[in-house]
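Quick note on labels: first sequence line is chain A, next is B, and so on, each numbered from 1.
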Amino acid sequence: MTTERYNAREAEPRWQKIWDERGIFRTRNDDPRPKYYVLEMFPYPSGRIHIGHGRNYVMGDVVARFKRMKGFNVLHPMGWDAFGLPAENAAIERKTHPGKWTYENIATMRDQLKLLGLSLDWSREIATCDPEYYGEQQRIFLEFLKGGFVYRRESEVNWDPVDNTVLANEQVIDGRGWRSGALVERRKLAQWFFRITALAQELLDGLDTLDRWPDKVRLMQRNWIGRSEGLHVRFALENAPADLPREIKVYTTRPDTLFGASFLALSPGHPLTETLAAGNPALAAFVEECRRGGTSTAEIETQEKMGFDTGLKVRHPLGGPDLPVYVANFVLMEYGTGAIFGCPAHDQRDFDFASKYGLPITPVVLPPDADPATFSVADGPYEGDGTLYNSRFLDGLAVPEAKEAVAARLENDVLGNAPVGERTVNFRLRDWGISRQRYWGCPIPIIHCDACGPVPVPEDQLPVRLPDDVTFDQPGNPLDRHPTWKHVDCPQCGAPARRETDTMDTFVDSSWYFARFASEPGTAPLQKAAADKWLPVDQYIGGIEHAILHLLYSRFFIRTLKKLGRVSVEEPFAGLFTQGMIVHETYKDAEGRWLFPEEVERDAEGQPVKVGTGEPVTIGAPEKMSKSKKNVVPPEIVADTYGVDCARWFMLADTPPERDSEWTSAGIEGAWRFVQRIWRLVGDALALAPEDVARPADFGSESIALRRAAHKLAAQVEDDVERLRFNVAVARVHSFANVFGDALVAARKGGDVPADLAFALREAAAFLVAVVAPMVPHLAEECWQVLGAAGLAAEARWPAVEPALLAEDTVTLPIQINGKRRGEIVVPKDAAPGEVEKAVLALDVVTQALDGRAPKRIIVVPQRIVNVVA
RNA sequence: GCGGGUGUGGCGGAACUGGUAGACGCGACGGACUCAAAAUCCGUUUCUGGUGACAGAGUGUCGGUUCGAGUCCGACCACCCGCACCA
């Protein structure tokens with residue numbers, strides 16, 4: 001059989017052009033079919049993509065194409081997360097404009113994505129740096145402001161004193177500015193915040209409804225939100241001067257350990273600390289020392305507990321001894337009330353602190369089965385459950401009961417004119433600071449007036465556009481030093497005022513873009529009807545690195561938009577999938593310089609050497625593809641040598657999609673062989689059954705066997721793709737190809753092909769092509785055409801499976817003797833267990849094993865297995 | 001430190017709610033076709049012993065539940081990820 005090779009390089013652009021010309025991936029909102037919204041996290045236009053970026057787009061594309069075949073009206077859009085710092089860096093380094101750089105990158109990357117043959121509706125493409133998009137975002141900001149979801153307060157930033165600029169956290173390396181190398185300072189600036197904490201409980205509860213999210217991501221969000229239940233306890237200050245407050249409020253989740261308290265500690269940022277420090281240079285110096293303490297994780301981890309005794313004392317609320325008040329470096333201002341009581345016997349941090357400063361360590365919780373006479377915490381605190389002792393009225397109570405007893409008691413005690421204790425729910429989640437002292441972002445639509453304060457930009461003046469005439473030759477924010485941009489009159493009183501020069505965190509841009517895709521091109525960016533039609537996204541696909549921030553912010557955004565009546569859904573993403581990365585070996589030459597994969601070849605002995613020079617090359621472990629390590633594969637090279645269908649097939653095969661997958665030349669060659677094999681199988685089938693045949697009434701056994709395999713394939717792959725188990729789907733296609741290939745060999749040997757077999761062969765070919773169409777769409781079109789099928793494979797329906805062909809009438813049961821497999825037996829599918837038992841006992845292996853004795857027991861699991869216990 | 005996950009041939013990995021471990025692919029080896037090569041096709045490929053039919057062992061380690069465990073339970077080891085002084 002001679003069939004010409006499938007020429008991907010020629011076919012792929014041809015079919016892409018046809019798809020494009022016929023606009024078959026354009027989605028209409030008035031299409032009456034049920035909707036399905038597939039979305040891959042949109043990319044940042046950083047320059048060029050490599051093949052590693054392609055994996056999630058290909059996965060999403062398989063889902064999109066599959067769902068179209070299943071009869072859904074599919075929305076599968078693409079856009080650009082186009083604001084952000086790299087554009088400003090590029091502007092500085094290349095003396096270009098961030099917008100120009102960004103749009104050039106978008107053009108390049110759009111072409112690269114198109115090369116992959118993705119079934120995207122490009123008519124809905126957006127870039128977040130488009131004034132139409134960010135103008136709507138400014139409108140949303142003002143609505144949030146009106147609704148009480150935005151506020152302004154002082155907050156610390158990283159300040160580079162040499163470059164005179166604010167640094168993002170990732171620009172601070174070992175406490176120094178990444179560009180200047182100067183020691184970074186903490187400075188307070190007035191900044192805008194989204195009140196995400198107001199929705200903390202809702203966002204937590206909502207996780208329970210997201211049953212198509214990975215448990216891992218839900219857990220990460222749950223921990224991030226960090227709900228805890230505890231008590232606010234007000235401690236009365238004993239010997240405080242008149243100008244100080246009368247009390248200190250602490251938050252605790254362990255009120256049961258109150259009798260074990262030996263000190264109170266304030267955060268260095270606590271208002272009382274600041275008041276005290278104002279009159280106490282030694283304390284002021286201590287606070288300063290705490291503040292200098294590094295911000296990096298390693299530094300915090302190793303930082304020693306430090307305290308400063310204020311000399312103040314507080315009264316114990318339950319009548320215990322008075323407690324000293326310290327300022328301590330390990331107490332966070334941002335969590336709880338910024339003040340704690342320390343119980344060294346039952347908390348590691350308090351234990352460390354008390355040990356260092358010689359404070360009493362009194363155990364009050366006795367572990368189960370411990371002897372109160374001998375139990376000691378000298379070696380370390382006990383943080384587990386147990387029974388209270390050394391605790392007066394709490395003695396003998398279990399920890400939860402003791403918590404309850406203290407809460408009940410303190411709620412009724414009064415200090416001043418309020419209860420001493422108050423039950424509180426606390427969250428780790430902080431409000432979302434969105435102010436960025438940057439140019440390339442969405443301007444915050446506010447005008448600052450000396451008389452009126454911050455005033456919203458009036459609706460008819462939106463969008464507040466970024467000025468184009470900016471320079472990056474000096475440090476700092478170009479918006480701030482622009483000669484005219486920020487000087488405007490106050491919309492309220494008309495007096496000269498200043499624009500807000502901060503722009504929004506780019507996480508704001510990505511918190512609603514999926515809603516923008518819902519409205520048709522050329523219409524308002526956020527339309528309720530359109531958003532309600534399409535949201536939530538049915539299948540969202542992206543990297544695990546966005547498990548918390550992007551996904552949590554988007555959830556917050558959609559919930560808030562719902563409260564403001566802009567959308568009707570509460571959750572943006574009904575289904576979430578986090579795909580693994582593509583990794584690749586790394587190569588270094590003798591001087592330790594990184595090499596591109598195409599610069600490396602194998603010499604006669606199979607040793608890796610540098611192309612041309614033959615010098616030896618060291619191969620490093622597979623790592624995430626990255627420009628800096630040069631272990632990248634450009635999509636163009638793959639497309640030219642093998643075709644993108646091979647790349648798509650490779651990215652779906654073998655490795656489960658949630659795991660990292662290694663790109664290898666052997667792997668892509670295997671994909672290439674299989675793509676050719678499908679083409680050959682279809683050609684061979686057509687050679688044997690050139691004419692379209694009507695469905696015969698009866699089928700011979702070979703035809704039935706082949707049809708069974710084909711129908712089973714369609715049913716199984718459907719199930720696999722629904723569950724995003726692409727690697728398993730690929731394996732099933734391979735298996736079927738083996739069965740199909742055998743059937744073709746047999747048919748060729750058999751001489752004339754009868755009508756029933758001809759039908760079965762053509763059907764098998766059509767099923768195979770349809771089933772692989774979502775994965776290798778160009779090849780599928782080519783096969784579809786030679787099969788003479790109507791229309792495009794991209795518009796075909798998923799094969800209709802005949803249930804009768806899936807049902808087997810006999811079943812092969814393995815026979816175990818004492819749990820070891822010793823044979824098998826073929827029985828009718830619905831054979832009665834008694835019948836099976838009788839047949840099994842007659843088997844040679846069984847009679848030999850029993851040797852005349854009666855079996856102790858026989859377990860017959862219908863349609864599964866038989867186990868004879870001898 | 002806390003939380004979560006993973007561990008199966010030379011490699012990537014299959015195995016539905018406890019029921020034939022190793023599907024499928026890669027690699028390797030042998031063979032066919034060919035003047036030769038490429039391509040393609042066929043066969044073998046968990047380990048150990050045996051020419052062989054076959055026997056034994058085997059899913060990180062140790063133990064348990066069960067007629068039966070990769071799957072469930074307990075303890076441990078290794079690696080990966082997230083959070084990290086959150087009171």
Nearest to the A/N727 side chain among B/G13, B/C26, B/A87, which nucleotide is it? B/G13
Side-chain donor/acceptor of A/K856 to base of B/C67, under 3.5 Å: no
Measure CG/A/N738 against P/B/C42 and give the value in whole Å, please. 8 Å
Is there a side-chain contact between A/R254 and the phosphate of B/A87, meaning an N or O under 4.0 Å from OP1 or OP2? no
Starting at atom CG of A/L258, determine the distance to atom P of B/A87, rounded to an integer number of angstrom. 16 Å
Give the nucleotide from the list B/A87, B/G12, B/U20 with an atom nearest to the side chain of A/T655. B/G12
Nucleotide of B/A14, B/C81, B/A39 approaching A/K216 most closely (side-chain heavy atoms): B/C81
Out of B/G3, B/G25, B/U20, minimum distance to the side chain of A/D654 belongs to B/G25
Does A/K305 qualify as a cation-pi partner of A/F353, given the criterion of NZ or CZ under 6.0 Å from the six-membered ring centre and within 45 degrees of its axis? no
To the side chain of A/M220, which of B/G82, B/U20, B/C85 is closest? B/G82
Does B/C24 have OP1 or OP2 sitting under 4.0 Å from an N or O in the side chain of A/R732? no
Provide, to the nearest angstrom, the distance between the CD1 atom belonging to A/I865 and the C1' atom belonging to B/C67. 10 Å
Step-by-step ring-ring contact (aromatic ring centres under 6.0 Å, His included) determination, A/F259 to A/H316: CA-CA 9 Å; A/F259 284 109; A/H316 192 289; 5.5 Å; yes
Would you say A/R222 places a side-chain N or O within less than 4.0 Å of OP1 or OP2 belonging to B/G82? no
Counting side-chain heavy atoms from CB outward, which of B/G12, B/A23, B/A14 is closest to A/R725? B/A14
From C-beta outward on A/I548, which listed nucleotide comes closest to its side chain: B/G82, B/G19, B/U40? B/G82
Starting the side chain at C-beta, find the nucleotide from B/G27, B/A87, B/A23 nearest to A/S735. B/A23
Nearest to the side chain of A/N867, which nucleotide is it out of B/A84, B/G19, B/C24? B/G19
Anti or syn, where syn is a glycosidic angle within 90° of 0; which label fits B/G27? anti
List the residues meeting ring-ring contact (aromatic ring centres under 6.0 Å, His included) with A/H232, not counting sequence neighbours, and say none if there are none. A/Y251
Any donor and acceptor pair, going by atom type alone, linking the side chain of A/E383 with main-chain N or O of A/Q348 inside 3.5 Å? yes
B/C26 phosphate, OP1 or OP2, under 4.0 Å from A/R673 side-chain N/O: yes
Choosing from B/G13, B/U40, B/A23, which nucleotide comes nearest the side chain of A/R680? B/U40
